[in-house]
Amino acid sequence: MSLATTYSPTDVEAKWYQRWQEQGFFKASANPKKTPYTVVIPPPNVTGVLHMGHMLNNTIQDVLVRRARMQGKEACWVPGTDHASIATEAKVVALLKEQGIEKRDLTREQFLTHAFEWKEKYGGIILDQLKQLGASCDWDRTRFTMEPDLTEAVLRVFVDLYKKGLIYRGVRMVNWDPESRTAISDEEVIAKDVQAKMYYLRYEIVAPGAENSEFRTQNLEPRAENSELGAVDELNQGSKLSALGSKFLTVATSRPETIMADVAVAVNPNDPRYAHLAGATVRIPLLGREIPVIFDEYVSTDFGTGALKVTPAHDLNDYELGVKHNLPVIDILADDGTLNEKAVLYVGQDRFAARKQIAKDLQEAGLLEKVEEYASIVQTSERTKAVIEPKLSLQWFLKMEHLARPALEVVENDTVRLHPPKFKNMYRAWMENVRDWCISRQLWWGQQIPAYYLPDGSFVVALTAEAALAEARVQSANPNLQLSDLRQDEDVLDTWFSSWLWPISVFDGFKDPDNADINYFYPTNDLVTGPDILFFWVARMIMAGLEYRREVPFKEVYLTGIVRDSLGRKMSKQLGNSPDPLDLIAQYGADGVRTGMLFSAPAGNDLLFDVKLVEQGRNFSNKLWNAFRLVKGWEVDAALPFANEKPVAWFNARLQAAIAELDDHFEKFRMSDALMTVYKLVWDDFCALYLEMVKPAYQHPIDAETLRHTTAYLETLLKLLHPFMPFITEELWHELAERAERDYVCVAPWPQATAPPDATRLLADMDRVLAVVAGIRTVRNQKNIGPNKPLALVAKTEDPALLARYEGIIRKLGGISELTFAEAGTAASVSFVLGGSEFFIPLEGHIDLAAERVRLEKELEYAQGFRESVQKKLGNEKFAQNAKPDVLERERQKLADAEARIAALEQAIKAL
RNA sequence: GGGAGGUUAGCUCAGUUGGUUUAGAGCGCUUGCUUCACACGCAAGAGGUCGAAGGUUCGAAUCCUUUACUUCCCA
């Protein structure tokens, strides 16, 4: 045989991917004669390269899409990328810096030119990588969130939502990322536990109406020189405190560097410790500025000292307190996280450097009472990991309430189903507590907000500058207003403000809301993505879909797990525990990698990736390859009669049952189980059993009828496997037979399960026959008898006809040379009992009578115990009354089986 | 701190409306095997008192209560 004993994927994969594309199999167009099946890809970042998460996600999508295509649906998988404003801008800025170009020296247009150049050069990498995985996307439909049409869609939506009063502009406390120097949305903030420090600061009390500044410093004792700053120290001495207590108010804070932005100290009005401070002011340590003591029940008496410094510019709660008490706002932080001139002290220092320095200075000034360890939480940027600053800033927001209500409704009533359903709870919690979405970003890479400011500071919102001008002329009642008088908002929109339109915008549903594609392909069917972007993206797509199409964007959402390493750790560059997907494909083949990923990917569970899984996938490819080699190598002798009626009928029954099971798994999005069903069908049923039953002896020909059935089965298996392993199945499809021009397994019809009328009996009979075979093989193993040594089998059974019908199979798989029926076995035999039947294998010289007796008696004892427990149950009156008839019947059957088995065992023991 | 999951064989997971000395799968493990498609293989086998305690029931991995551990979401 010329075919290699191991399958080599690399030779095969590129070839077939190219052929599929040449044939246009992945192209989809509105076709009223077919049912549409649509998937939009979660657009990867244009800066991205393929990682293991993409592999899993896109493998699942491809499996679904390929199956739908074979089912005769008009399968449309739309690929594309998103512009990832923060990540891409950072990347381009860094690249320019390497070339000696600073962003601030460029105009917006110049920068965007650079950025688009970069995108053209590198932006398609990840899509090409998907092709190596086998992704059957309609590449002609590739979209990019910042291309002109999609940009227009974003702007149209912005204008529309503004006109509907859902978008507003205002000063709000936002999450400021000092590293990317932009506001980000609540969803882009990740809370992290940290071990922080709580600083207890002394604010000098200025008595009501009196100027007693002589207390300022002289009553302070110098701190011990060796007192380590940062350690929890012992300064909290009662005597000293009480002495100082009357002159100082101690305030606990984790952010001492923000005292320069303090505008008050707040205490609870019910706190007796501070009642005397009514009308008092205190001096900010080091700075000396006087600020009032205010009273508010918001302050909790048991946190810190019960006194709270109020810094409205840098804390949301403080801001609200400030508004309530009419306090000023002092913002001491610059956009990059350094202190600005309003801070007066530490100007130009980074906030963390300033914190260290001020702690030191406070300590030296005797104004730091103590420092405590403090388990705290910091908010960090999902994208840059920088610590977020709450910052008051003028931003654009989208009101969520109106959009969230219907979007929650459709998930609650299962119009959109989440898989696994446990995510419904999470979704509900988010939807019910959703806050307005900050959609403006202080960046250039993205869609510039279509708001245009008039010279008088008012603004208009319009799709184009020209439209804005027309509106501005009306609004200002100034017909002489010129384009040059208008200034467009500098900010761009959040990338998710593009992505949430994706299922509509990729079909041009905004530009042309009634076009054939959108009407046909929308709503899409399945969405496959990670739960980490359930809110970012999935929820918002549902909102946009309902708002703009009055229809949900997809019906089923499959949420994958996270790919982790075998120790359960997230894959990261730092740990270096993430394999390069392309290396894996090169080493094990795309089919091997795809199946490897799916083997351990139950829905919603994290996938603990182990290269062994991919090895298993490769081994499976190889198994299939060798099954093909065997069949391909058979010579036909047309004169031979059909010799394998039983195996052929049985395998058909198995096959049909497996197809039904497979379809059921797909229905329930149990991808891992679906794969396992085919895996076992191929490996166990087809290779280990069926092929072994029908294969002719070495160098003997096969009859034509058997070959015809076997080839047909193999073809069906290739179809069932194709969604999982597209490459090897296509290769074998064409190796197996000469194919017509467009006859590819890629577009072959998906097999329909049609169980033969006698399936139940066929399967049950074969189970009994295979149990006999297993019994024989166990004897061989126990007695160390190789498979080539022929054995005789004597059966004592109430159903000899069954064994007679399947004698050929028993002979072949069991290595049995002679099957006879008798009423008793011979003493020099090894016996085994199945149900009520006894089987004897005469083995002169291999028999240890005593050991045989012990073994059989052990089995007997077990069977008797079993019988007893069943009898006990059947004897229980309450059981007889309450149990359903079928349960009762099953128990009676068990009893009968047990009795037959006991009788057979007793016989066998007697025969010894 | 609030909420939602999970805890079943060494590992990763199934287990549908409670039905049993027999709770399944894949991988791994053990033993034997150059059986002429495949050692990326073949055959056989071992391995679990279903986190713990209590309860309901004729009967509980499955229902209820308490508890421990763990993951995630929100604050």
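To find a chain, count down the sequence lines: A is the first, B the second, and so on, and within it residues start at 1.
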(request) Determine the Euclidean distance between corresponding P atoms of B/G41 and B/U35; express it in Å to zero decimal places. (result) 16 Å
(request) Send over the distance from A/K680 NZ to B/A25 P, rounded to a whole Å. (result) 7 Å
(request) Under 4.0 Å between any heavy atoms, over every strand shown, what does A/R618 touch: base, sugar-phosphate, or nothing? Just pick one. (result) base
(message) With a 4.0 Å cutoff (strictly under), does any side-chain N or O of A/T778 reach OP1 or OP2 of B/G45?
(response) yes
(request) Go ahead and name the base partner of B/U35; Watson-Crick or wobble counts if both distances stay under 3.5 Å, otherwise write none. (result) none
(message) Using OP1 and OP2 only, check whether a side-chain N or O of A/R670 sits under 4.0 Å from B/G15.
(response) yes
(request) With P as the reference atom in both, quote the distance from B/C11 to B/U57 in angstrom, rounded to an integer. (result) 37 Å
(message) How long is the straight-line distance from CZ of A/R172 back to SG of A/C438, given to the nearest 0.5 Å?
(response) 10.5 Å
(request) Rounded to whole angstrom, note down the C1' distance from B/C72 over to B/A14. (result) 22 Å
(request) Compare side-chain N and O positions of A/W683 against OP1 and OP2 of B/A25 and report whether any pair is under 4.0 Å apart. (result) no
(message) Tell me which nucleotide, if any, is Watson-Crick or G-U wobble paired with B/A60 when both distances must be under 3.5 Å.
(response) none
(request) Please work out if A/E861 contacts a base, only the sugar-phosphate, or nothing of the nucleic acid, heavy-atom cut-off 4.0 Å. (result) base
(message) Between B/C27 and A/K612, counting only base atoms on the nucleotide and side-chain atoms on the residue, is there a donor-acceptor pair under 3.5 Å?
(response) no
(request) Give the rounded distance in Å between these two atoms: CZ of A/F620 and P of B/C27. (result) 11 Å
(message) Once rounded to the nearest 0.5 Å, what's the spacing between atom NZ of A/K789 and atom CG of A/L843?
(response) 7.5 Å
(request) Can you tell me the distance, in whole Å, between the CG atom of A/D610 and the C1' atom of B/C27? (result) 9 Å
(request) Indicate, with a heavy-atom threshold strictly under 4.0 Å, whether A/E889 touches base, sugar-phosphate, or nothing. (result) nothing
(request) Specify whether A/W430 and A/F535 have parallel, tilted or perpendicular ring planes, treating 30° as the upper limit for parallel and 60° as the lower limit for perpendicular. (result) parallel
(message) Just N and O in the side chain of A/N619: are any of them under 4.0 Å from OP1 or OP2 of B/G41?
(response) yes
(message) Expressed as a whole number of angstroms, how long is the span from A/M671:CE to B/A25:P?
(response) 23 Å
Look for any protein N or O under 3.5 Å of an N or O in nucleotides 71-75 of chain B and output each such pair with its distance, or none.
unit_1: B/A75; atom_1: OP1; unit_2: A/R435; atom_2: NH2; d: 2.9

(message) Using the P atom as the point on both nucleotides, what is the distance between B/A52 and B/U7, in whole Å?
(response) 13 Å
(request) Report the base-pairing partner of B/U70 (Watson-Crick or G-U wobble, both distances below 3.5 angstrom), or none. (result) B/G5
(request) Could you grab the distance from atom CE of A/M597 to atom CG of A/L56, nearest 0.5 Å is fine? (result) 4.5 Å
(message) Can you see if the side chain of A/Y679 gets near the phosphate of B/C27 - specifically, an N or O under 4.0 Å from OP1 or OP2?
(response) yes
(message) For B/A46, give the paired nucleotide (Watson-Crick: N1-N3 plus N6-O4 or O6-N4; G-U: N1-O2 and O6-N3; both under 3.5 Å), or none.
(response) none
(request) Going by the side-chain contact (heavy atoms from CB on, under 4.5 Å) test, name the single residue among A/V773, A/L793, A/V772 that passes it with A/I816. (result) A/L793
(request) Check the distance between B/G41's P and A/L691's CG and give it to me in whole angstrom. (result) 16 Å
(message) Which nucleotide, if any, forms a Watson-Crick or G-U wobble pair with B/U12, using both distances under 3.5 Å?
(response) B/A25
(request) I would like to know whether A/F599 and A/Y679 meet ring pair (Phe, Tyr, Trp, His ring centres under 6.0 Å); could you show each step before the answer? (result) CA-CA 10 Å; A/F599 273 132; A/Y679 180 83; 5.2 Å; yes
(message) Rounding to an integer number of angstrom, what distance separates B/G48 and B/A9 when you compare their C1' atoms?
(response) 5 Å
(message) With a cut-off of less than 4.0 Å, is there a side-chain N or O of A/K623 near OP1 or OP2 of B/A37?
(response) no
(request) Walk me through it: do A/Y690 and A/Y713 pass the test ring pair (Phe, Tyr, Trp, His ring centres under 6.0 Å)? (result) CA-CA 10 Å; A/Y690 174 79; A/Y713 289 152; 5.6 Å; yes
(request) Answer with yes or no whether the side chains of A/T706 and A/N644 bring together a donor and an acceptor at under 3.5 Å. (result) yes
(request) Could you check A/T778, A/L905, A/I776 and say which one makes a side-chain contact (heavy atoms from CB on, under 4.5 Å) with A/F832? (result) A/I776
